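What follows is a short report on a single structure.
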Amino acid sequence: MQDHSWDDLRFVLAVFRAGTLAGAGRIAGANETTGARRLKSLERRLQVELFRRTGAGRFEATEVGQEVIRHAERIEHENAAIGETAGRLRQRLVGSVRITSVPIIAHRILLPHLPWFRQANPGLTVELVPDARNLSLSKREADLAIRFARPETGGLTVKARRLGVLAFGVYGPAAASAREAEALEWIGYDDAHLHLPQARWLAAAAAAGGDSGFPALRVSDAETALEAVASGLGRTVLPVLVGEADRRLRRVPGDFADLPVRDVWLLSHKDQDGRASVDAAKAWISGIGWS
């Protein structure tokens, strides 16, 4: 009977999730050389190849490697459950939960509500990852994700719960009068983000006003747009839930038609069902007034 240490399997998971030895080392807390040696040693013991390197230098799991990874993920889940069970027996929620969302939601909605959750669960570690990329729940890059759309990948392994809707409004700097705010230039989005509903609305508004492009500023995310408005650089559209909470901003009056309204979704992996830390985080996130 072969003995496979959890450290070896944890590094296999890290390679799968990061795609490189250097990235896996950062995840697993091991240097690249040690990680490579551990991986080769495990492959020799199993007498199989777990990963192949692509032409781009990334590591992709072989068919056998994918099967080993599925077993390793189950062990990872059970290890987390053991710690959380011990915590419940001590009447204290322990463990960690990794939550990702776009920066505007992470910074302006989750963070202000986080103190209550932390106070209620002092033994729980929250890892908050503001990232516009769709981090993979299947690869355990995150436990929970809050997104503006249902997942396009993940199939039956990813569960989606609609949290509510975010209505958008037009906002300018609080220091500007209503008349001054109405005269400000639009802050829009760069070409790579023109698919976003708010970006399309801004492009149409600028065109209707006779502007060519966005003379004030073009940005790649709503968080930067918000800070630009607060700095007096122009006006833009932002979620009402965010704009009304920031005293540096003022809602611009006007008959603005067809402002964006976006659904907000909470995504999780089905294998995380029953984890106390994840369930607690889901309840906290769902309790935020999204609509």
Side-chain angles (χ1 to χ4, degrees), residues 99-114 128-135 141-142 145-150 152 163-265 288-291:
I99 306 167
T100 184
S101 188
V102 293
I104 193 76
I105 288 179
H107 296 158
R108 308 294 172 172
I109 298 178
L110 295 184
L111 277 179
H113 289 84
L114 188 57
L128 192 57
V129 186
D131 201 321
R133 296 176 300 134
N134 288 320
L135 299 186
E141 292 177 330
I146 302 169
R147 295 297 181 208
F148 281 122
R150 292 190 69 123
E152 297 178 354
L163 294 171
V165 296
L166 285 183
F168 282 68
V170 177
Y171 287 87
S177 67
R179 178 173 294 182
E180 290 170 337
E182 290 177 22
L184 290 172
E185 296 175 309
W186 291 107
I187 296 171
Y189 286 76
D190 59 24
D191 291 342
H193 296 84
L194 287 178
H195 62 282
L196 298 174
Q198 61 266 36
R200 293 197 299 269
W201 190 94
L202 284 161
D211 296 340
S212 58
F214 299 100
L217 185 64
R218 301 177 75 188
V219 300
S220 62
D221 65 278
E223 176 73 13
T224 306
L226 182 151
E227 291 299 330
V229 171
S231 297
L233 294 174
R235 56 180 172 159
T236 195
V237 290
L238 294 167
V240 173
L241 186 62
V242 172
E244 295 301 314
D246 196 319
R247 295 182 180 180
R248 301 173 300 166
L249 309 182
R250 173 200 297 272
R251 190 159 186 177
V252 180
D255 186 18
F256 299 109
D258 301 321
L259 283 165
V261 177
R262 303 195 65 181
D263 287 342
V264 186
W265 294 84
I288 296 173
W290 292 94
S291 298

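Just so it is clear, the model here is predicted, and its values are computed rather than measured. Start at 1 with the first residue, then count along the sequence.
Considering CG of D190 and OG1 of T224, their distance stands at 10.0 Å, rounded to 0.5 Å. Taking CD1 from I104 and CG from L238, the interatomic distance works out to 6.0 Å, rounded to the nearest 0.5 Å. Between atom OG of residue S101 and atom CH2 of residue W265 there is a gap of 15.0 Å, rounded to the nearest 0.5 Å. Expressed to the nearest 0.5 Å, how far CG of L226 lies from OG of S231 amounts to 9.5 Å. The OG1 atom of T100 sits 8.0 Å away from atom CG of L128, with the distance rounded to the nearest 0.5 Å. Interatomic distance, CG of L249 versus CD of E227, reported as 8.5 Å (0.5 Å rounding).
One finds a salt bridge joining E223 and R108 here, because a Lys/Arg side-chain nitrogen approaches an Asp/Glu carboxylate oxygen to under 4.0 Å.
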Atom pairs and distances, donor-acceptor, side-chain atoms in residues 255-262, under 3.5 Å, two or more places apart:
unit_1, atom_1, unit_2, atom_2, d
R262, NH1, Q198, OE1, 3.2

Please table the atom pairs, donor to acceptor, closer than 3.5 Å between any side-chain atom in residues 171-179 and protein atoms at least two apart or in another chain.
unit_1, atom_1, unit_2, atom_2, d
Y171, OH, E244, OE2, 2.6
S177, OG, E180, N, 3.1
S177, OG, E180, OE1, 3.3

Item to check | Criterion side-chain contact (heavy atoms from CB on, under 4.5 Å) on V102 and R147, from CA distance to verdict | outcome: CA-CA 7 Å; V102 293; R147 295 297 181 208; 3.7 Å; yes
Checklist entry - So V237 and L202, side-chain contact (heavy atoms from CB on, under 4.5 Å) or not? Walk me through it. => result CA-CA 7 Å; V237 290; L202 284 161; 3.8 Å; yes
Next on the checklist: Working note: I105 + L110, criterion side-chain contact (heavy atoms from CB on, under 4.5 Å); need CA distance, chi angles, decisive distance, verdict.
Outcome noted: CA-CA 6 Å; I105 288 179; L110 295 184; 4.2 Å; yes
Item to check | Test side-chain contact (heavy atoms from CB on, under 4.5 Å) applied to H193 and R218, step by step | outcome: CA-CA 10 Å; H193 296 84; R218 301 177 75 188; over 6 Å; no
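Across all non-hydrogen atoms, the minimal contact from T236 to I187 is OG1-O, 2.9 Å. Summarising the geometry of A228 relative to L217, their closest heavy-atom pair is CB-CD2, 3.5 Å, with the distance given to 0.1 Å. Between W290 and G164, the shortest heavy-atom distance links the atoms CB-CA, 4.3 Å. A pairwise comparison of heavy atoms in R235 and V252 identifies NH1-CG1, 4.5 Å as the closest pair. L241 approaches G289 most closely through the heavy-atom pair CD2-O, 3.5 Å.
Counting only heavy atoms from C-beta outward, the side chains of V242 and I109 approach each other to under 4.5 Å. Residues W186 and V170 form a side-chain contact, since some pair of their non-hydrogen atoms from C-beta on lies under 4.5 Å apart.
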